[in-house]
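Please read all numbers here as calculations on a predicted model, not as lab measurements. For the numbers below, each heavy atom of this structure counts, side chains included, while hydrogens, waters and symmetry mates do not. Heads up: numbering here begins at 1 and tracks the sequence.
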Amino acid sequence: MKIISTDKAPGAIGPYSQGMMVGNLVITSGQIPVNPVDGTIPEGIEAQADQSCKNVAAVLEAAGTCICKVVKTTCFLADMGDFAKFNEVYAKYFTSKPARSCVAVKTLPKNVLVEIEAIAEM
């Protein structure tokens, strides 16, 4: 096992790592839409989905893989009413159409609208 860490994605806000490499898989922690440069959170589901996807990609790149090798994502939305808008952004990043679960949750860290975790091959 190897811990994955990068300053190109937000740091963990608890006792966990941004990602782990196990064998030929990289498993990311959930990535919320925090800009790693200045700590800001963009407004609106589209902008938040975009930043979360960028953060997932940054963790994967730090591990030596890419978003194109993702085989499974789990997506958490604060409001399932945002599903269609979220999908529009998500589809631009996850073009290989990995397996996915997408669920609505009551609240997310920092009261963001979306969180995305991924499993990718090396």
Side-chain angles (χ1 to χ4, degrees):
M1 287 190 309
K2 177 182 174 188
I3 292 174
I4 307 304
S5 181
T6 179
D7 60 0
K8 294 182 180 179
I13 56 175
Y16 59 89
S17 59
Q18 292 169 310
M20 293 289 295
M21 186 182 309
V22 181
N24 69 334
L25 294 177
V26 176
I27 303 160
T28 74
S29 291
Q31 296 298 308
I32 61 173
V34 174
N35 182 318
V37 175
D38 60 13
T40 60
I41 297 170
E43 294 290 324
I45 186 62
E46 293 98 338
Q48 288 196 18
D50 185 68
Q51 186 64 59
S52 289
C53 288
K54 287 177 181 175
N55 293 343
V56 168
V59 174
L60 294 171
E61 288 169 12
T65 189
C66 65
I67 206 163
C68 65
K69 293 190 176 184
V70 169
V71 296
K72 169 74 166 80
T73 63
T74 305
C75 306
F76 305 94
L77 300 177
D79 181 351
M80 198 53 80
D82 290 333
F83 187 73
K85 289 179 181 179
F86 169 75
N87 276 337
E88 288 179 24
V89 176
Y90 177 95
K92 293 176 186 175
Y93 287 89
F94 295 94
T95 57
S96 63
K97 297 186 179 180
R100 180 181 93 174
S101 299
C102 187
V103 297
V105 295
K106 185 174 179 183
T107 55
L108 288 163
K110 299 187 181 262
N111 292 313
V112 299
L113 303 174
V114 61
E115 181 172 357
I116 303 170
E117 61 185 37
I119 300 171
E121 292 183 306
M122 284 302 296

Which atom pair, heavy atoms only, marks the closest approach of [X] to [Y]?
X      : Y     : value
Thr73  : Val70 : CG2-CG1, 3.6 Å
Val114 : Pro33 : O-CD, 3.2 Å
Pro10  : Val34 : CG-O, 3.4 Å
Leu77  : Phe83 : CD1-CA, 3.9 Å

Gap between atom [atom2] of [Y] and atom [atom1] of [X] - 0.5 Å precision:
X     : Y      : atom1 : atom2 : answer
Thr74 : Arg100 : OG1   : CZ    : 10.0 Å
Ile27 : Ile119 : CD1   : CD1   : 5.5 Å
Phe94 : Cys75  : CZ    : SG    : 6.5 Å

Please confirm whether the backbone N or O of [Y] pairs with a side-chain atom of [X], one donor and one acceptor, at under 3.5 Å?
X     : Y     : answer
Gln18 : Val59 : no
Gln31 : Ser29 : yes
Gln48 : Pro42 : yes
Ser17 : Gly19 : yes
Asn55 : Ile32 : yes

Just wondering, do [Y] and [X] contact through their side chains at under 4.5 Å, heavy atoms?
X     : Y      : value
Cys68 : Thr95  : no
Pro36 : Gln51  : yes
Leu25 : Met122 : no
Leu60 : Thr28  : yes

- prompt: Just checking, is any N or O donor in the side chain of Lys72 or Ser101 under 3.5 Å from an acceptor N or O on the other one?
  reply: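 Their side chains do contain a donor-acceptor pair, which is all the 3.5 Å distance test asks for.
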message: Going by the rule salt bridge (charged side-chain N to carboxylate O under 4.0 Å, His left out), which residues pair with Asp50 if we only count those two or more places apart in sequence or in a different chain?
response: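 Asp50 satisfies salt bridge (charged side-chain N to carboxylate O under 4.0 Å, His left out) with Lys54 once adjacent residues are dropped.
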query: Quick one: do Ile67 and Val89 end up in the same hydrophobic cluster if we chain Ile, Leu, Val, Met, Phe, Trp and Tyr together by side-chain heavy atoms under 4.5 Å apart?
result: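 Yes.
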query: Can Glu121 and Val71 be said to form a side-chain contact (heavy atoms from CB on, under 4.5 Å), step by step?
result: CA-CA 7 Å; Glu121 292 183 306; Val71 296; 4.0 Å; yes
- prompt: When the ring planes of Tyr90 and Phe86 are compared, do they come out parallel, tilted or perpendicular, using 30° and 60° as the limits?
  reply: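 Because their plane-to-plane angle lies in the 30° to 60° range, the rings of Tyr90 and Phe86 count as tilted.
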Show me the donor-acceptor pairs, under 3.5 Å and distance only, between side chains in residues 102-110 and residues at least two apart or in other chains.
none

